[in-house]
Colleague: 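My structure is below; once you've seen it, I'll send some questions.
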Amino acid sequence: MVQQERAPVSVQGDTVAFSAKAFKTQPNAAVESLLKKLPGVEVDRDGNIKAHGQDVQRVLVDGKPFFGDDPKMATRNLPADIIDQVQLYNQRGDQSAFSGINDGTQQKTLNLVTKRDKRKGYFGQNGVGAGTDGRYQARLGLNRFNNGRQLSAIGQANNLNQTGFGDNGSPAAGDASSGPGGSGLGVALPGGFEGPGSGGGGPVRIASGGGSRQGLSSGSGGANQAIGITEALSGGLNYRDAWGKRAEVATSYFTSRSTIRNSQQIRRENVATGTTTQPDGSLLTQQQADSRNRVLSQRFNLRLDYKLDSLTSLRFTPSLWWRQSNSLNLSQQQTSVGERQLNQSLSRYDADANTLWGGGNTLLMRRFKKLGRTLSANLNTVLNNQDGDALNQATNTFFAPDGTPTANQLNQRIGQDNPARTQTLNVSYTEPLSLQHKLELHYNLADTHSSADRQVRDFDETTGGYTRLNPALSNRFSSNFRTHRAGLTLQTKRLRYTYGLGLDAHQADLRVNNQTADVALTRRYQQLLPNALFSYNGSQSRTVRLNYRTRLQAPTAVQLQPVADNTNPLSVRLGNPDLRPEYIHTLSGTYTQFNDVNNRSVFASLNGSKVQDRIVSATSFSARGVQTTRPVNADGYATLNGFVSWGQRLAWHKLNLNLTTNGNLTRSRSFVSDQANNTRSWNLGQGVSLNSAFNDHLELGLRANATYQRATYSLLPQQNTSYWTQTLETDLFYQLPGNWAISSDLWLTRYAGRSAGFNQSVALWNLALTRQLFKAKQGELKLQAYDLLKQNRSVVRNVTDTYLEDVRSNVLTRYFLLSFTYNLRQFGK
C-alpha cells in the first residue's frame, strides 16, 4: 500500500488550507487547540482568534453558519478530531460574491471542513465537576450530523470564567452603534451608561477621538486572559437542513445569563499644559473601582436560501438580539498634579438598561443566459433601541491651593433612550465586455435616523424624590444621515492576475435636530470615492493581493448631541453638533507562499489607513482638576500595521516551527487646552512557536513573544513612555501506562518599564491528572489544579492620544477541580 501525506499547508487562490492531520491534538480536544498549532494563527486565553495579524470575525462549519456569527461557539464546542481541513480566507459580502466584483467589504473567516466519515452520526461532550472555594462546572453537548442535516444542542453552567461564547456573536454589538449616525453610546457600562471604573468587568480601553474606534488605544498583558470572576449559565440550539430541492435553512437560538464581579486599581496620567486657569504639568488620577454586572441576553439567527428558478435565487437572513443588564459600580478616585492634590471623589453608579436589536437582510440574485451578466438587489434593515435608567450618586471634594477642601454632593437619576433605524438598498448590475473584462454599475441608498433623549433629574428634598429636571444636562436630539452613492467598476481577469478600478460619486446629507433648543441644521457633503484592486497568482503557490478603498463615516447622535454627560463628575463629556463625517482611506496588501517540496510557508500583510477630518478629543482641565472632553474634527491621523509569519514543517517527529513578526506605527492628533497634541505610538513584537506530536505518548508545545512599545507626546515630552511585555507559554501532554495521562500548561508573563507597582512577573501553571475510561477512552475522570503557584494577576497598559493608563484587575486564582466527562462518539449511524 502506498500512501501520500497531504501537505500541511496549501494555497488555492484566496484560500489557505491547513490539513488537520498534520497538526495533532490531544484526545477529545476542542477545535481551539487545533487552531493554536496552525502557522500564522493566534488564539489568546480568552478564545479570540487572529490570523495573519487580523481578527477572525466568523467561523463556519462546512461553509455554513454555526450558531450565527459567534466564532467561539464552533471553536470551543466542536471536537478537533472531526475536522479534516481548516480553510482561511477573506469572505466577501453575499452580493459581492455573487456578482464576482470585489466591493471591499470582507471578513477574515475560518471554515472548518469536517471529515467525510464524521458527517453522519452523534457526538458531543458532557460532564460535571466540583472543586474548592465553591467552584463548579457542568457541560452538555449533543450534535447530530446526517450529511447536510445538522442539529446541535449545547448548555453549560460554571463559575470558572468559561463562557464558551462571545458578545461578537450578537449583531447588535457593532451594526447599530457604529454605523453612520448610529446610536452608539461610546465607552459604556453594559446597558449603555458610562460610569467610573471598569465598565462591567472588562479592561478599561477608552479609545481616543470622542468615541472614535480608531484611537491609539493598545492594551497588553491582560487582553489574553479573563479578568474578574464570571458565573455563567447558557444554552442554545442550532439547526441546518435542506427543505426539498429549492430551500436550505440554517437557524439558531442562544440564551445566556452571566454575573461578572471585578475589582480594579487604575493609574492614569493625562497630558495637560499649564495656563492661568489650569494646572501645570501632567495630571495623575488614581482610582479603585469595584463593579458587579448581571446580564441576561437572547439571540436568534436565521438564514434561508431559496431558488425561485434555475437563474434566480433569494437569500433572507433575519436576526434578533435582546439584552437586559444591571450594573453596580463603586469608585474611589483622586487627582493630583505634582505634590498637590486637586480633588477626590467617592461615587456609586447603579444602572438598569435594555437593548433590543432587530435586523433583516434580503438579497435577490438573478443570472442571465449570457455568462457573466447578473443583476442583484440587497435590502438591509436594522432597528435598534437602547434605553435605561441609572442612579448617579457622588461626593466630590475639591482642594484650593492652600489645601482648603470644598465638598459638594451629586444625587441624580438619569433616563436615557437611544432608538436608531438604518435602511440600505444596494443594486448591482454586471455586464461582461469580453472574456477578460467585466463592468459593474452599482447604486447605493442608505438612510439612518437616530435619536438621543437624555433626561437628568436631581433629588429634591422637599418632595423626597427625583423631581427637579436639570436642563443643563437634559436634551432631546436626533440626527438623520442619508447618502446616495453611484459608480462603476471595471474588472480585468487574466490567467495569473486580476485587477479592478472603480470610482463612485457620493452625496451625503446630515440633518441635525436639537429638539430641546428648537434648532435644526442641514449639511451636504459631496465626495469622489476611488477604489482599486490587484491580485496575482504566481507559481509555487505564491499570491499577492493589493486593495485600496475609501469611505465616509458619519458622527453618531451621541457625539453630535450638545449636552454635558456628567456620569463621572470629574470627567465630563460634551457633544458637538458641528462635527463633519470622517473621510477614510485604507490600503492593504498581502503575500502568501507555500513550498510543498520543503513544507515551508510564508504569510505577510501590510495595512495602512489615513483619515481626513477624523473625530478626535479636545480636552481641557479646570483649576480643580475636572476634565472636560469634546469631540472635534482634525487631520493628521495615519496608521501602518505589518505582520510576517514564517512556518516550517519538519519531518523529525512532525515538528512545526513558526516565527511571527508584527509591528505598528500610529500618528494622531488631539487637542489639550486648545493646543495641538501630536502623538506617535509604535510597537514591535517577535514571536516563536514550536509544537510536536513527538510520538504516540508525548505531545508538547512552546510559544514565546516579546513586544516593545513606545509613545511620545508633543505637548508633554516628560510623559513619553516605553515598556516591554514578554510572554512564554508551554503545554505538555503525556500518556502514562494504564490509561492514565498527565497534562500541564504554563504561562509566564513579565512587564517592564511601567509605573511603580505595575511591573510584575506572573506565572500561571495549570496541571491535570486524567484517568481515561471505557474501551475507546471516551470517558475521563480528571483532577486539575488551576494556578498551582497562586500567582495569577492581570496588568494592562492603555496608550491613547491624551493619556496613558495602567490597570490592575482581580482574576481567578488557585482552585482544584474534580470532574467527569463523557465524550459521545458514534458515527456511521
Side-chain angles (χ1 to χ4, degrees), residues 56-75 77-78 87 89-99 103 105-114 119 143-154 165-176 236-255 297-309 312-322 357-367 376-384 422-426 428:
V56 173
Q57 300 168 303
R58 173 178 288 186
V59 174
L60 306 176
V61 178
D62 291 329
K64 304 296 182 180
F66 186 79
F67 280 97
D69 287 336
D70 186 350
K72 295 181 186 179
M73 296 298 291
T75 61
N77 294 287
L78 293 180
Q87 297 175 343
Y89 53 90
N90 290 321
Q91 186 179 47
R92 292 184 287 172
D94 294 339
Q95 191 171 20
S96 175
F98 171 74
S99 67
D103 62 359
T105 59
Q106 55 188 20
Q107 290 181 313
K108 185 67 73 174
T109 300
L110 284 175
N111 181 35
L112 306 176
V113 182
T114 58
R119 295 178 184 174
N143 300 272
R144 167 57 171 164
F145 282 18
N146 188 0
N147 296 316
R149 178 182 298 172
Q150 296 180 2
L151 180 62
S152 300
I154 63 171
F165 58 92
D167 284 340
N168 54 337
S170 306
D175 293 351
L237 295 171
N238 185 78
Y239 171 76
R240 192 188 93 186
D241 196 9
W243 292 353
K245 296 182 179 180
R246 291 192 172 189
E248 183 177 354
V249 64
T251 184
S252 67
Y253 169 79
F254 186 78
T255 182
S297 67
Q298 300 181 70
R299 65 181 187 234
F300 168 79
N301 297 279
L302 172 68
R303 185 171 102 166
L304 174 64
D305 289 307
Y306 187 79
K307 293 183 179 179
L308 300 175
D309 54 45
T312 311
S313 59
L314 180 70
R315 174 168 293 171
F316 179 52
T317 52
S319 301
L320 184 64
W321 184 76
W322 172 77
W357 187 99
N361 186 277
T362 304
L363 175 60
L364 180 64
M365 299 169 284
R366 170 71 178 179
R367 300 185 187 276
S376 59
N378 189 12
L379 177 63
N380 186 65
T381 301
V382 174
L383 301 176
N384 178 43
T422 300
Q423 291 178 299
T424 305
L425 173 65
N426 193 72
S428 169

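Note that the structure is a prediction, hence the values are computed from the model and not measured.
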Colleague: Side chain to side chain contact (heavy atoms under 4.5 Å, CB included) between V61 and L78: does it pass, once the steps are laid out?
Modeller: CA-CA 10 Å; V61 178; L78 293 180; 3.7 Å; yes
Colleague: Using atom types as modelled and distance alone, determine if a side-chain donor or acceptor of S96 lies under 3.5 Å from a backbone N or O of G93.
Modeller: no
Colleague: With side chain to side chain donor-acceptor pair (under 3.5 Å) as the test, would you mind laying out the steps for Q298 and Y253 before giving the verdict?
Modeller: CA-CA 8 Å; Q298 300 181 70; Y253 169 79; 2.4 Å; yes
Colleague: Taking all heavy atoms of M73 and all of F66, pick out the closest pair and write down the distance.
Modeller: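 That would be O-CE2, 3.6 Å.
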Colleague: Do you know the tightest heavy-atom contact between S152 and F145?
Modeller: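 Taking S152 first and F145 second, the nearest heavy atoms are OG-CE1, 4.1 Å.
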Colleague: Take V59 and L112, measure what side chain to side chain contact (heavy atoms under 4.5 Å, CB included) needs, and give me the verdict at the end.
Modeller: CA-CA 7 Å; V59 174; L112 306 176; 3.9 Å; yes
Colleague: Tell me whether K64 is salt-bridged to E248, with the criterion being a basic N under 4.0 Å from an acidic carboxylate O.
Modeller: yes
Colleague: Which atoms form the tightest heavy-atom contact between L363 and N378, and what is the distance?
Modeller: CD1-CB, 3.8 Å
Colleague: Nearest 0.5 Å, what's the CD-CG distance between Q423 and L379?
Modeller: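 Here the interatomic distance stands at 7.0 Å.
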Colleague: Would you check if the side chain of R119 reaches a backbone N or O of T114 as a donor-acceptor pair within less than 3.5 Å?
Modeller: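 Yes, R119 side chain to T114 backbone: donor-acceptor pair under 3.5 Å.
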Colleague: Considering all heavy atoms of both residues, which atom of L237 and which atom of A153 are nearest to each other, and what is their separation?
Modeller: CD2-CB, 3.5 Å
Colleague: I would like to know whether Q150 and R144 meet side chain to side chain donor-acceptor pair (under 3.5 Å); could you show each step before the answer?
Modeller: CA-CA 6 Å; Q150 296 180 2; R144 167 57 171 164; over 6 Å; no
Colleague: Which atoms form the tightest heavy-atom contact between S252 and N238, and what is the distance?
Modeller: CB-OD1, 3.4 Å
Colleague: Just by distance, do the side chain of Q95 and the backbone of N426 share a donor-acceptor pair under 3.5 Å?
Modeller: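 Yes: the side chain of Q95 pairs with the backbone of N426.
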Colleague: Here's a test for you: under side chain to side chain donor-acceptor pair (under 3.5 Å), which of N361, T362, D305 qualifies with R315?
Modeller: D305
Colleague: For N111 and D62, which heavy atoms make the closest approach, and how far apart are they?
Modeller: OD1-N, 3.4 Å
Colleague: With a 3.5 Å distance limit and no angle check, can you tell me whether D309 reaches the backbone of T312 through a side-chain donor-acceptor pair?
Modeller: yes
Colleague: If you measure from CG on L110 to OG1 on T75, what distance do you get to the nearest 0.5 Å?
Modeller: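 Reported to 0.5 Å precision, the distance equals 9.0 Å.
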Colleague: Say whether, by atom type as modelled, one donor and one acceptor occur between the side chain of S297 and the main chain of T255 under 3.5 angstrom.
Modeller: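 Not a single qualifying donor-acceptor pair exists.
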Colleague: Hydrogens and angles aside, do S319 and N301 bring a side-chain donor and acceptor to less than 3.5 Å of each other?
Modeller: yes
Colleague: Are D70 and R299 within salt-bridge range, i.e. N to O under 4.0 Å?
Modeller: yes
Colleague: Taking S313 for the side chain and Y306 for the main chain, is one N or O donor matched with an acceptor at less than 3.5 Å?
Modeller: no
Colleague: Using atom types as modelled and distance alone, determine if a side-chain donor or acceptor of T109 lies under 3.5 Å from a backbone N or O of Q107.
Modeller: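 Yes, because the side chain of T109 sits within donor-acceptor range (under 3.5 Å) of the backbone of Q107.
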Colleague: What do the steps show when you test Q106 against Q91 for side chain to side chain contact (heavy atoms under 4.5 Å, CB included), and what is the final call?
Modeller: CA-CA 5 Å; Q106 55 188 20; Q91 186 179 47; over 6 Å; no
